[in-house]
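Quick notes on the structure that follows.
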Amino acid sequence: MPDRVTEPREEAPKARDLAGLDAAVSRCYACPRLVDWREEVGRVRRRSFAADDYWARAVPGFGPADASLLLVGLAPAAHGGNRTGRMFTGDRSGDVLVAALHELGLASQPTSVSRDDGLRLHGVRFTAPVHCAPPDNRPTTGERDTCRPWLMRELALLRPTVRAVVALGAFGWQAVLPVLDASGWIVPRPRPVFGHGARAVLEPAGEGRALTLFGCYHVSQQNTFTGRLTPAMLREVLAAAWASAGGG
């Protein structure tokens, strides 16, 4: 693969496993606005992280290659994943999510601080429809669509084991539905509507097993600090999804 990937549509299908896919994602330079922003954030830095060596690249998914539960967020945080190089790591969103997973026995520890902190996920994988930190946490539809081949390949590689998906937020829900539809699952009509606790069963288009899609409010500070999403609410959705995936 080239040092810099600029055409995810061409490069994503070449990945033979998740390790290869993650490596390719980390070399993606397909969206100029996102590349400029992630690198600017890495140069300017937040004062509290001034001594850190920012990742400032596209952030790959994280978790085992045989995960049965996939968590789909929005995009890496500017001073979280974009700083640390790992999804849901180094910010409050990651703290809340990983603590909930740890309570359910799905994470080896309750914190997610850095790429080398020893965190292991059990049967669960993190990913996002957009792999670069966007300005104001708002990727454009064009950036989402450019990034889509990475998610499509990720789901293709996970297809033998994945049984449930949790969309963290409406953006993740809306982004993952067409990908699931194109990846061999039948999206019900009318199309399922996002909501906290929403769920939809997607039957396979051919051989394979059904997949259940769950909706959950995003673990953003805006939701967790205001109480819109409490730890108990998060655990309830994650536990239901894990049970649906065959783990509970």
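Trp55 and Pro60 get closest at one heavy-atom pair: CZ2-CD, 4.3 Å. When every heavy atom of Ser68 is checked against every heavy atom of Trp242, the shortest pair comes out as OG-CZ3, 3.4 Å. Between Ala12 and Pro149, the shortest heavy-atom contact is CB-O, 3.4 Å. Pro8 and Ala30 get closest at one heavy-atom pair: CD-CB, 3.7 Å. Considering every non-hydrogen atom in both Thr161 and Ala65, the closest pair reads OG1-O, 4.3 Å. Shown here for Thr127 and Met87, the closest heavy-atom pair between the two residues is C-CE, 4.1 Å.
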I would like to know whether Glu11 and Arg27 meet salt bridge (charged side-chain N to carboxylate O under 4.0 Å, His left out); could you show each step before the answer? CA-CA 11 Å; Glu11 295 301 326; Arg27 298 194 298 271; over 6 Å; no
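Annotation: side chain to side chain donor-acceptor pair (under 3.5 Å) contacts of Thr230 (sequence neighbours excluded): none. Listed by chain and number, the residues in a salt bridge (Lys or Arg N to Asp or Glu O under 4.0 Å) with Asp36 amount to none (sequence neighbours excluded). Taking Arg9 as the reference, Glu7 meet the salt bridge (Lys or Arg N to Asp or Glu O under 4.0 Å) condition, with sequence neighbours excluded.
Under the 4.5 Å side-chain heavy-atom criterion for grouping Ile, Leu, Val, Met, Phe, Trp and Tyr, Trp150 is not connected to Tyr29 through any hydrophobic cluster. Put simply, Leu202 and Val166 are part of the same group of oily side chains (I, L, V, M, F, W, Y) that touch within less than 4.5 Å, one to the next. Using a 4.5 Å cut-off between side-chain heavy atoms of Ile, Leu, Val, Met, Phe, Trp and Tyr, with links allowed through other members, Phe126 and Val237 fall into the same hydrophobic cluster. No continuous path of ILVMFWY side-chain contacts below 4.5 Å connects Val35 to Val5, so the two sit in separate hydrophobic clusters. The hydrophobic clustering, which links ILVMFWY residues whose side-chain heavy atoms are closer than 4.5 Å, places Leu121 and Val113 apart.
Using cut-offs of 30° and 60° for the angle between ring planes, the Tyr54 and His79 rings count as perpendicular.
Side-chain atoms of Met233 and Arg235, non-hydrogen and from C-beta on, never get closer than 4.5 Å to each other. Between Ser220 and Arg228 the shortest side-chain heavy-atom distance does not fall below 4.5 Å. Counting only heavy atoms from C-beta outward, the side chains of Val25 and Glu154 never approach each other to under 4.5 Å.
In this structure, SG in Cys132 is found 8.0 Å from CG in Asn82, a value given to the nearest 0.5 Å. Of the inter-residue distances, the one linking Leu157 atom CG with Asp66 atom CG reads 12.5 Å to the nearest 0.5 angstrom. Separating the CZ atom in Arg144 from the SG atom in Cys31 is a distance of 12.0 Å, to the nearest 0.5 Å.
A donor-acceptor pair is defined here as one N or O able to donate and one able to accept, closer than 3.5 Å; such a pair exists between the side chain of Arg86 and the backbone of Ser114. Checked by atom type and distance alone, the side chain of Asn223 never pairs as donor or acceptor with a backbone atom of Leu229 at under 3.5 Å. A donor-acceptor pair under 3.5 Å is absent between the side-chain atoms of His131 and the main chain of Ala58, judged by distance alone. Remark: side-chain polar atoms of Thr84 are paired, donor with acceptor, to backbone N or O of Thr89 under 3.5 angstrom.
Checked options Val96, Val59, Leu97; the residue passing with Phe88 is Leu97 (criterion: side chain to side chain contact (heavy atoms under 4.5 Å, CB included)).
With 3.5 Å as the limit, one finds a donor-acceptor pair spanning the side chains of Thr212 and Ser244.
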Donor-acceptor pairs under 3.5 Å, side chain of residues 40-50 to any protein atom, not counting sequence neighbours: which ones?
residue, atom, partner, partner atom, Å
Arg45, NE, Gly42, O, 2.9
Arg45, NH1, Ala50, O, 3.0
Arg45, NH1, Asp52, O, 2.8

Side-chain donor-acceptor contacts of residues 172-188 below 3.5 Å, not counting sequence neighbours, with atom names and distances?
residue, atom, partner, partner atom, Å
Trp173, NE1, Pro192, O, 3.0
Ser183, OG, Val179, O, 2.6
Trp185, NE1, Arg209, O, 3.1

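Within the hydrophobic cluster formed by Ile, Leu, Val, Met, Phe, Trp and Tyr side chains joined at under 4.5 Å, directly or through other members, Leu34 is accompanied by Leu74, Val130, Phe171.
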